[in-house]
Amino acid sequence: SPTLSHDEKAVLMDEWWEKAHDSLIRSNVRREDLTTMVRESTITFRSGIGELMKFLVDRDVPLCIVSAGIADVLSEAISQDVGTFGNTSVVSNVMQFDESGVLCGFSEPVIHSYNKAGAVDQ
């Protein structure tokens, strides 16, 4: 909304993500289900992402991906699409699982599009 300030939008995004995370927790998502969920999803990356990641790792250039999504899903999607690279880190919302492997929470603070620039500083 053009009438809301950045701070007002950030508060609303916090509330929205909290509700979205609560919904996922109530769904009893299991850590072991992530691989299948990502494989059966329609997640796609831009053309050339694999080549870019290989170019960076070959030159020892670190890659930090900052996302307002869910780190576990993003990391799994990257792994399935282009593999894993030791130079890559993901700053995003991290799922927390209990001892049975069931989703029980998310990292704090929530990272969303109105605060993700500051997430790298933390």
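Shown here are the side-chain contact (heavy atoms from CB on, under 4.5 Å) partners of Arg46, two or more places apart in sequence or in another chain: there are none. Listed by chain and residue number, nothing satisfies the side chain to side chain donor-acceptor pair (under 3.5 Å) test with Glu15 (two or more places apart in sequence, or in another chain). With sequence neighbours excluded, the residues forming a side-chain contact (heavy atoms from CB on, under 4.5 Å) with Ala10 are His112, Tyr114, listed by chain and number. For Glu32, the salt bridge (charged side-chain N to carboxylate O under 4.0 Å, His left out) partners at least two apart in sequence or on another chain are Arg30. Looking at residues two or more places apart in sequence or on another chain, you find a side-chain contact (heavy atoms from CB on, under 4.5 Å) between Ile49 and Phe45, Leu52, Met53, Asp81, Val82. Here Thr36 pairs with Arg39, Glu40 under the side-chain contact (heavy atoms from CB on, under 4.5 Å) rule; sequence neighbours left out. With sequence neighbours left out, Asp58 forms a salt bridge (charged side-chain N to carboxylate O under 4.0 Å, His left out) with Lys54.
Applying the side-chain hydrogen bond (donor to acceptor under 3.5 Å, both in side chains) test to residues at least two apart or on different chains, none of the pairs has a partner in residues 95-107. For residues 49-97, no residue pair satisfies the ring pair (Phe, Tyr, Trp, His ring centres under 6.0 Å) rule, not counting sequence neighbours. Screening residues 4-13 for side-chain hydrogen bond (donor to acceptor under 3.5 Å, both in side chains), with sequence neighbours left out, gives Ser5-Glu8.
Listed here is the closest heavy atom pair of Ser79 and Thr84: OG-CG2, 3.6 Å. Considering all non-hydrogen atoms of both residues, Ile43 and Ala77 come closest at CG2-CB, 3.9 Å.
Using a 4.5 Å heavy-atom cutoff, the side chains of His21 and Leu103 are not in contact.
Put simply, CD on Glu108 and CG on Asn93 are 9.0 Å apart, with the number rounded to the nearest 0.5 Å. Considering CD of Glu76 and OG of Ser41, their distance stands at 10.0 Å, rounded to 0.5 Å.
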Inset, instruction - Show your working on side-chain contact (heavy atoms from CB on, under 4.5 Å) between Asp60 and Asn87 and close with a plain yes or no. - result: CA-CA 7 Å; Asp60 265 346; Asn87 68 325; over 6 Å; no
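Trp16 and Val110 fall within a single hydrophobic cluster, where Ile, Leu, Val, Met, Phe, Trp and Tyr are joined by side-chain heavy atoms under 4.5 Å apart, directly or via other members. Phe106 and Val91 are assigned to two separate hydrophobic clusters, defined by single-linkage of ILVMFWY side chains at heavy-atom distances under 4.5 Å.
Think of Val102 as one node in a network of Ile, Leu, Val, Met, Phe, Trp and Tyr side chains linked at under 4.5 Å; it has no links at all.
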Please list, one pair per line, the donor and acceptor atoms closer than 3.5 Å that link side chains of residues 61-74 to other protein atoms, with sequence neighbours excluded.
unit_1: Ser67; atom_1: OG; unit_2: Gly69; atom_2: N; d: 2.9
unit_1: Asp72; atom_1: OD1; unit_2: Met95; atom_2: N; d: 2.7

